[in-house]
Protein chains: 2
Amino acid sequence: MGGEAERRTTRLDDLIQVERDMLDKVGDLPIDLEALVLVSNLHRTVAAIRREFEKTVLAEVRLSWTAFTVMWVLWIWGESETRELANEANVTKGTLTGVVDTLEKRGLVERRRRSRDRRLVAVKLTDAGTLLIADVFPRFNVEEQRVASLLTSRQRTAMVEGLRRILRELGT
Amino acid sequence: MGGEAERRTTRLDDLIQVERDMLDKVGDLPIDLEALVLVSNLHRTVAAIRREFEKTVLAEVRLSWTAFTVMWVLWIWGESETRELANEANVTKGTLTGVVDTLEKRGLVERRRRSRDRRLVAVKLTDAGTLLIADVFPRFNVEEQRVASLLTSRQRTAMVEGLRRILRELGT
DNA sequence: TCGCTGTCGTTCGGTGCCAAACGTTACGCT
DNA sequence: AGCGTAACGTTTGGCACCGAACGACAGCGA
């Protein structure tokens, strides 16, 4: 809470509480505060969204965020091989093995070893899995719309473009 | 890949590959694609940032993202009680117990039971911990600047404001 | 003073997540 | 044909993460 009352064009009461706390404490260190706020708010936001979704839409069908993502990819893409699926769901092969194990136990997906090349394993939705994802995805998207609707059109555009830029740089 | 070649003002080659794949497949479903892209890119981006940081700056000092956050909070705030610390680091109390266990084993933080109210536990940095975070934090911030510098000034502002908006709504 | 009630940090069970090591299978080269 | 190399999915070890259940403790009211 230094003497510098007005920082840039941002009014103090626009900040969330966590940021105010931070500025009070770190305001005089030689660091880039905007970058710090950007990255830390990105993390906070994503965690909040994930928790929210897992507590509402996904809880109703007992799916974790990642399990949902995997099923969604399978729904859109159809039968896929493990490494493609892992890549698309943004996890490692090792992680995917576990997730598919779980989904397979619930009878939502099934594995099939390729006879052409026996190193490969194809994963696909079962009928039950297809029913489930077709039911839950629209409701999931409604929640996404709720989040997106909090932003102005300009903010949405800027944010999506910014995210794409970062992803491209860090390697999708 | 429907007939609608030009969607909004976004040129196709602005999209990252994953999005192009998605549009090909889901383009005719009655859902809000912009919201879907926003939320999924938020997740992808945060995961990418986290992996990147954990592989570079944080790997050098063998800290996970969360462990780093906890130490940073302790550095800025000084000695804190468990539930405050958990809240500030954006994890549950249960998770924090584990993280503090790990840090304590490495001699970077220490616990002290409050005598005034013996339910409470105060956590603070050791000297070694203080040295470590003072060393690594500036380098961490340099990486944050690298990310932030990928965006235009307008994008940065819009993004930070948008994130604040979402956080406020979902409950910081 | 003795319970009641609520809050504290910890523990527990289950999943997610990664990197590295591993066994299996395919394939190119000699 | 047979060997080396590389790519596949799985396993392993370790931490992160959550919600729920738990025991310890403080504070209030009868």
Side-chain angles (χ1 to χ4, degrees), chain A residues 43-44 46-56 58-59 61-71 79-87 89-106 108-123, chain B residues 43-44 46-56 58-59 61-71 79-106 108-124:
Chain A
H43 269 79
R44 279 182 181 281
V46 165
I49 290 176
R50 188 164 179 149
R51 275 196 287 264
E52 173 74 10
F53 281 37
E54 286 187 339
K55 223 182 299 187
T56 57
L58 297 180
V61 289
R62 297 187 302 128
L63 286 179
S64 68
W65 182 280
T66 304
F68 168 82
T69 305
V70 167
M71 291 190 65
E79 192 175 56
S80 306
E81 282 155 20
T82 303
R83 73 202 174 290
E84 303 168 341
L85 198 47
N87 183 58
N90 209 26
V91 293
T92 62
K93 301 178 297 172
T95 300
L96 186 70
T97 295
V99 174
V100 170
D101 282 348
T102 306
L103 291 175
E104 202 172 26
K105 271 178 212 144
R106 285 184 57 188
L108 300 174
V109 306
E110 51 187 27
R111 270 186 253 240
R112 204 170 31 153
R113 191 157 284 274
R114 285 265 147 93
S115 51
R116 169 80 70 164
D117 182 339
R118 296 191 39 76
R119 292 171 303 181
L120 306 181
V121 171
V123 184
Chain B
H43 269 79
R44 279 181 181 280
V46 164
I49 291 177
R50 188 164 181 150
R51 275 197 287 264
E52 174 73 12
F53 282 36
E54 287 187 338
K55 225 184 295 187
T56 57
L58 296 180
V61 290
R62 296 186 302 131
L63 286 179
S64 68
W65 182 281
T66 305
F68 169 82
T69 304
V70 167
M71 292 191 64
E79 191 176 58
S80 306
E81 282 155 18
T82 302
R83 75 201 172 289
E84 302 167 341
L85 198 48
N87 183 58
E88 207 69 20
N90 209 25
V91 291
T92 62
K93 301 177 300 172
T95 300
L96 187 70
T97 296
V99 174
V100 170
D101 282 348
T102 305
L103 291 175
E104 201 173 26
K105 272 179 210 144
R106 286 184 57 188
L108 299 174
V109 306
E110 49 187 28
R111 270 186 253 238
R112 204 169 31 153
R113 192 158 282 275
R114 286 265 147 91
S115 51
R116 168 80 71 165
D117 183 339
R118 297 191 40 74
R119 291 172 303 182
L120 306 182
V121 170
V123 185
K124 59 179 264 208

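These numbers come from the heavy atoms of this one structure, side chains and all, not from hydrogens, waters or symmetry mates. Numbers restart at 1 for each chain; the letters A, B, ... are given by sequence-line order, proteins then strands.
Taking the side chain as every heavy atom from C-beta outward, A:Leu103 and A:Leu63 approach each other to under 4.5 Å. In this structure, the side chains of A:Thr69 and B:His43 stay at 4.5 Å or more apart for every pair of heavy atoms. Contact of the B:Glu81 side chain with the B:Arg83 side chain is registered, since non-hydrogen atoms from C-beta on lie closer than 4.5 Å. Taking 4.5 Å as the limit, every side-chain heavy atom of B:Ser80 sits out of range of all side-chain heavy atoms of B:Glu88. Side-chain contact check for B:Arg50 versus B:Thr66: some heavy-atom pair is nearer than 4.5 Å. You'll find the side chain of B:Val91 stays beyond 4.5 Å of the side chain of B:Val99, heavy atoms only.
Rounded to whole Å, atom P of C:dC8 lies 7 Å from atom CZ of B:Arg119. For the pair A:Glu104 CD and C:dT15 P, the computed distance is 15 Å after rounding to whole Å. Between the CZ atom of B:Arg62 and the C1' atom of C:dA19 there is a distance of 16 Å, given to the nearest Å. Rounding to whole angstrom units, CD of residue B:Glu81 and C1' of C:dT7 are separated by 12 Å. A:Asp117 places its CG atom 6 Å from the P atom of C:dC27, with the value rounded to the nearest Å. For the pair B:Arg118 CZ and C:dT10 C1', the interatomic distance rounds to 15 Å; values are reported in whole Å. The distance from atom NZ of A:Lys105 to atom P of C:dG14 is 10 Å, rounded to the nearest whole Å.
If you check every strand for non-hydrogen atoms under 4.0 Å, B:Arg111 touches sugar and phosphate atoms only.
Judged by distance alone, with hydrogens and angles left aside, the side-chain atoms of B:Arg112 form no donor-acceptor pair with the main-chain N or O of B:Lys124 at under 3.5 Å. Between the side chain of A:Arg119 and the backbone N or O of A:Arg114 there is no donor-acceptor pair closer than 3.5 Å.
Comparing A:Lys55 and A:Glu84, the nucleotide of DNA chain D nearest to each residue sits closer to the 5' end for A:Glu84. Between A:Thr66 and B:Arg113, the residue whose closest nucleotide on DNA chain C is further toward the 5' end is B:Arg113. Mapped onto DNA chain C by nearest heavy atom, B:Thr82 and A:Arg50 fall at different nucleotides, with B:Thr82 at the one closer to the 5' end.
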Residue pair A:Thr95, A:Thr92: steps toward the side-chain hydrogen bond (donor to acceptor under 3.5 Å, both in side chains) verdict: CA-CA 5 Å; A:Thr95 300; A:Thr92 62; 3.1 Å; yes
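Contacts between residues 92-102 of chain B and DNA chain C, counted as heavy-atom distances below 4.0 Å, involve B:Lys93, B:Gly94, B:Thr97.
Once you apply a 4.0 Å limit to the heavy atoms of chain B, the touched nucleotides of DNA chain D run 5' to 3' over D:dA16 to D:dA26.
Dashed line: the shortest gap from a side-chain N or O of B:Arg83 to OP1 or OP2 of C:dG9 is under 4.0 Å.
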